[in-house]
Protein chains: 2
Amino acid sequence: MYKLSERSKKVLYAVVQSYINYPDPVGSRIVTKRYSFGLSPATIRNIMADLEDMGFLTQPHTSAGRIPTDLGYRFYVDSISSKGDVSANIEIEILHGLYNRLQVLKNNIELLLSETTKSLSALSHYLGVAMSPAPDVTVFGKINLLKYQSDKVAVVLFTDDGRIKNKTLQVSPEISQKDLNRIAQYLNSEFAGLTFDEIRMRLLKEISKDKTKCDTLISRALNLCREALYFTFNELFVSGLSEVLELPDFADLNKIRELSKAIEDKHMIIKLLDKLSETEGLKVIIGSENTVSSLKDISLIVSPCKEGDRQVGVVGLIGPTRMNYAKAMYIVENTARFITKMLTER
Amino acid sequence: MYKLSERSKKVLYAVVQSYINYPDPVGSRIVTKRYSFGLSPATIRNIMADLEDMGFLTQPHTSAGRIPTDLGYRFYVDSISSKGDVSANIEIEILHGLYNRLQVLKNNIELLLSETTKSLSALSHYLGVAMSPAPDVTVFGKINLLKYQSDKVAVVLFTDDGRIKNKTLQVSPEISQKDLNRIAQYLNSEFAGLTFDEIRMRLLKEISKDKTKCDTLISRALNLCREALYFTFNELFVSGLSEVLELPDFADLNKIRELSKAIEDKHMIIKLLDKLSETEGLKVIIGSENTVSSLKDISLIVSPCKEGDRQVGVVGLIGPTRMNYAKAMYIVENTARFITKMLTER
DNA sequence: TTTAGCACTCTCAACCCTTAAGTGCTAATA
DNA sequence: TATTAGCACTTAAGGGTTGAGAGTGCTAAA
């Protein structure tokens with residue numbers, strides 16, 4: 001890694017700051033004018049040339065000013081995260097906006113997350129995203145099997161964190177409610193406290209073991225269980241497309257197409273958030289830091305939400321790399337904190 | 001209404017057809033070249049001028065060809081709906097694509113509808129939409145109230161058409177599972193066969209009657225019921241944004257913004273589809289025929305899906321007014337028919 | 001080490017011009 | 001009388017030129 005002199009840092013910071021506020025390439029004159037270094041444009045020019053050599057800045061073309069590279073943004077983000085220089089009145093907005101909307105939804109985390117994305121995007125003018133926890137951190141709560149019409153079984157699954165999942169299964173030879181209750185009881189005692197990844201593994205083992213015995217009745221029950229327990233836990237919520245379309249960064253049709261494809265391919269975002277949600281606290285991914293190539297022109301800010309010390313979701317923002325990181329990070333952090341607080345202290 | 005000569009009709013039809021295939025204003029020369037009328041451009045010009053006077057065509061500017069107005073498209077749609085001139089191999093695509101994907105989802109209509117939108121948009125390159133039925137046509141099936149943790153009640157509601165809805169309620173003084181069972185039993189017997197609109201009305205009456213008596217226990221139960229039965233039934237599914245962004249009609253940034261706003265304001269589309277879903281069969285709404293002003297530049301094709309003679313959803317396509325109506329109508333109609341068949345004959 | 005000066009580069013908007021497409025009107029034609 | 005050929009007119013779009021403006025890198029002076 002390069003070592004930057006204190007002065008270079010200040011200039012780099014100023015360039016990024018200016019570009020974030022104003023979507024025009026930043027020239028040496030602007031830097032001297034908007035930020036009072038005691039230096040002439042020529043000197044700034046030299047510094048900026050150095051910063052370009054080091055990979056922090058780049059030029060759209062020879063006679064334009066400079067704009068930050070992803071590395072430049074990274075420097076910026078790393079230096080603000082310790083500061084926290086956003087006006088505090090956003091917080092009040094957040095609290096008010098969220099409080100009224102979400103208070104009602106305490107008991108429905110999925111709806112709560114989905115509403116949160118709206119609030120996030122409204123506050124930030126970026127894409128609000130949220131995701132409910134993956135099966136490897138979702139803990140089994142309770143299962144109910146309800147007979148429904150003659151040949152159908154409704155599966156109602158409670159996760160430990162208060163989500164309810166349901167589905168209908170068709171069972172070819174009828175099963176009585178009594179038998180269903182017994183199966184449910186078995187599952188409840190067997191799987192209490194396990195995550196769904198663990199449960200799946202256990203079931204898989206069970207089934208392969210069972211095959212040797214060839215007991216059709218038990219194997220039927222096992223298959224039923226497997227089906228009954230298969231749900232998509234990772235639900236992704238996104239909103240605010242019309243917000244980001246107002247940004248100059250998405251004035252280009254191709255950029256919009258890329259973004260809309262990225263949004264539609266939820267699977268990919270889920271995978272990404274999944275990986276990120278393992279870490280604690282606020283996380284910022286800038287442009288090509290992202291391994292997923294289709295997201296290499298956008299940045300992502302995420303933070304997990306908790307209830308007690310169980311994770312109940314991830315919230316975040318997606319925007320252009322030229323993003324108001326300070327504000328966006330502030331919003332994400334406080335939204336996550338707010339939800340955590342609300343869920344924990346009830 | 002104007003009376004059109006047979007010849008004028010043919011010209012109008014040709015103009016619309018040409019413009020749909022080719023997004024360029026249609027001139028008199030093109031008409032004579034692409035469609036063999038035994039007439040010279042000058043004559044066609046006269047006819048087209050008449051058609052413009054009558055409001056079927058319009059000119060982007062003086063020296064351009066003509067493009068259809070919404071009225072022009074309307075004429076076109078009305079004249080093809082009796083014909084059906086789409087190559088039949090789309091049908092095979094539809095059946096194959098849908099069959100494999102949807103067969104599994106017979107028991108989950110909401111997932112089925114959501115998957116259907118993807119298939120619709122992939123086939124048509126327009127926006128695929130689908131909506132589950134509104135509370136005024138959704139019939140109560142069965143309710144289960146399950147005690148869950150000490151102060152929570154999980155409501156699991158089965159609609160007549162096989163949807164399952166659930167939510168968690170917080171109840172301040174605990175209620176025993178036994179009492180919950182009694183309440184559920186009461187609701188099941190009381191509301192069997194009613195639509196949710198009817199149920200809400202009945203409950204409202206019940207509650208106002210109850211107030212005079214001031215029996216807190218019953219009133220608590222009633223409030224619980226009211227909460228327990230309040231769900232959003234109208235679920236809207238949309239997909240294929242990235243498909244429509246490829247169309248030349250949405251090359252303009254403002255058009256995209258409008259569209260994305262329309263998509264995000266699901267409430268409005270729901271209201272619209274709701275109104276449309278009352279009618280039988282395929283319905284086409286072209287541009288400003290739509291009363292909702294924000295949708296005045298796009299067209300909408302919808303058709304209800306049924307199971308037996310109960311409506312289980314609406315499917316459709318949203319696209320620019322310059323839409324391949326023949327193909328789109330064909331796709332929507334057959335998709336709806338396919339789903340209806342699949343659900344009915346199981 | 002910093003800065004002033006200057007030549008150089010590049011984009012962007014404005015402008016002009018030409019081309020091409022298409023129109024409406026009029027007068028000739030079948 | 002309906003159709004058509006001919007023609008003048010309109011307009012958008014593409015291409016080329018030009019000048020302004022912004023910004024740079026380099027050099028030489030402070």
Side-chain angles (χ1 to χ4, degrees), chain A residues 3-12 14-19 21-69 72 248-249 251-252, chain B residues 3-12 14-19 21-69 72 248-249 251-252:
Chain A
K3 264 183 290 185
L4 286 173
S5 72
E6 211 49 45
R7 201 175 63 177
S8 303
K9 281 185 188 172
K10 273 189 186 155
V11 172
L12 178 50
V15 171
V16 180
Q17 183 87 278
S18 165
Y19 188 60
N21 293 330
Y22 255 128
D24 301 310
V26 185
S28 53
R29 275 179 58 82
I30 304 243
V31 174
T32 56
K33 247 191 235 166
R34 274 216 266 277
Y35 307 82
S36 49
F37 298 90
L39 295 170
S40 76
T43 313
I44 299 293
R45 261 202 301 285
N46 286 325
I47 300 173
M48 285 167 80
D50 291 345
L51 287 169
E52 179 164 7
D53 288 342
M54 290 188 266
F56 292 105
L57 297 177
T58 186
Q59 280 180 292
H61 57 264
T62 337
S63 80
R66 263 128 178 150
I67 61 175
T69 60
D249 309 77
D252 182 23
Chain B
K3 263 182 291 186
L4 285 174
S5 73
E6 210 50 44
R7 201 176 61 175
S8 304
K9 282 185 187 173
K10 272 189 189 156
V11 172
L12 178 51
V15 171
V16 180
Q17 183 88 277
S18 165
Y19 187 59
N21 294 330
Y22 248 134
D24 302 310
V26 185
S28 52
R29 276 177 59 82
I30 304 244
V31 174
T32 57
K33 245 191 235 168
R34 275 218 267 275
Y35 306 83
S36 46
F37 298 90
L39 296 170
S40 78
T43 312
I44 299 292
R45 262 203 298 285
N46 286 326
I47 300 172
M48 284 168 82
D50 292 344
L51 288 169
E52 180 165 7
D53 288 343
M54 290 188 265
F56 292 105
L57 297 177
T58 186
Q59 281 180 291
H61 56 264
T62 335
S63 81
R66 264 130 180 149
I67 61 175
T69 60
D249 309 76
D252 182 23

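Only a predicted model underlies this, so the values are computations on that prediction, with no experimental measurement involved.
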I need the minimum non-hydrogen distance between B/Pro25 and B/Tyr19, along with the two atoms involved.
N-CE1, 4.0 Å

Those residues of residues 57-69 of chain B lying under 4.0 Å from DNA chain D by at least one heavy atom
B/His61, B/Thr62, B/Ser63

Of all heavy-atom pairs between B/Met48 and B/Val26, which one has the smallest distance, and what is that distance?
CE-O, 3.3 Å

Mind checking what makes side chain to side chain contact (heavy atoms under 4.5 Å, CB included) contact with B/Asp252, not counting sequence neighbours?
B/Asn254, B/Lys255

I need the minimum non-hydrogen distance between B/Gln59 and B/Ala64, along with the two atoms involved.
NE2-O, 3.2 Å

Could you give the angle between the helix axes at the two ends of the helix from C/dT1-D/dA30 to C/dA30-D/dT1, with five pairs per end, rounded to 10 degrees?
20°

Nearest atoms (heavy-atom pairs only) where B/Leu51 meets B/Ser8
CD1-O, 4.0 Å

Shorter than 3.5 Å, N or O on both sides, protein versus nucleotides 1-6 of chain C: list them out with atom names.
residue: C/dT2; atom: OP1; partner: A/Arg7; partner atom: NH1; Å: 2.7
residue: C/dT3; atom: OP2; partner: A/Ser40; partner atom: N; Å: 3.1
residue: C/dT3; atom: OP2; partner: A/Ser40; partner atom: OG; Å: 3.4
residue: C/dT3; atom: OP2; partner: A/Thr43; partner atom: OG1; Å: 2.4
residue: C/dT3; atom: O5'; partner: A/Ser40; partner atom: OG; Å: 3.4
residue: C/dG5; atom: O6; partner: A/Arg45; partner atom: NH2; Å: 3.4

Results of side-chain hydrogen bond (donor to acceptor under 3.5 Å, both in side chains) for A/Asp249 - residues two or more places apart only
A/Arg322

Give, ordered by number, those residues of residues 24-37 of chain B having at least one heavy-atom distance below 4.0 Å to an atom of DNA chain D; if nothing qualifies, reply none.
none

Take the protein atom CG of A/Asp50 and the nucleotide atom C1' of D/dC26, then report the distance between them rounded to whole Å.
14 Å

What residues form a side chain to side chain contact (heavy atoms under 4.5 Å, CB included) with B/Thr32, not counting sequence neighbours?
B/Pro41, B/Ile44

Atom of B/Val16, atom of B/Gly72 and distance for their closest heavy-atom approach:
CG2-O, 4.0 Å

Name all pairs fulfilling the side chain to side chain donor-acceptor pair (under 3.5 Å) condition that reach into residues 33-42 of chain A, sequence neighbours left out, sorted by first residue then second.
A/Ser18-A/Arg34, A/Ser40-A/Thr43

Would you please name every residue forming a side-chain hydrogen bond (donor to acceptor under 3.5 Å, both in side chains) with A/Glu52, sequence neighbours left out?
A/Arg66

So which protein N/O to nucleotides 28-30 of chain D N/O distances come out below 3.5 Å?
none

To the nearest 0.5 Å, what is the distance between CD1 (B/Ile47) and CZ (B/Phe37)?
7.5 Å

With sequence neighbours left out, the residues meeting side chain to side chain contact (heavy atoms under 4.5 Å, CB included) with B/Thr69 are B/Thr58, B/Leu71

Test side chain to side chain contact (heavy atoms under 4.5 Å, CB included) applied to A/Lys9 - qualifying residues, sequence neighbours left out:
A/Leu4, A/Glu6, A/Phe75

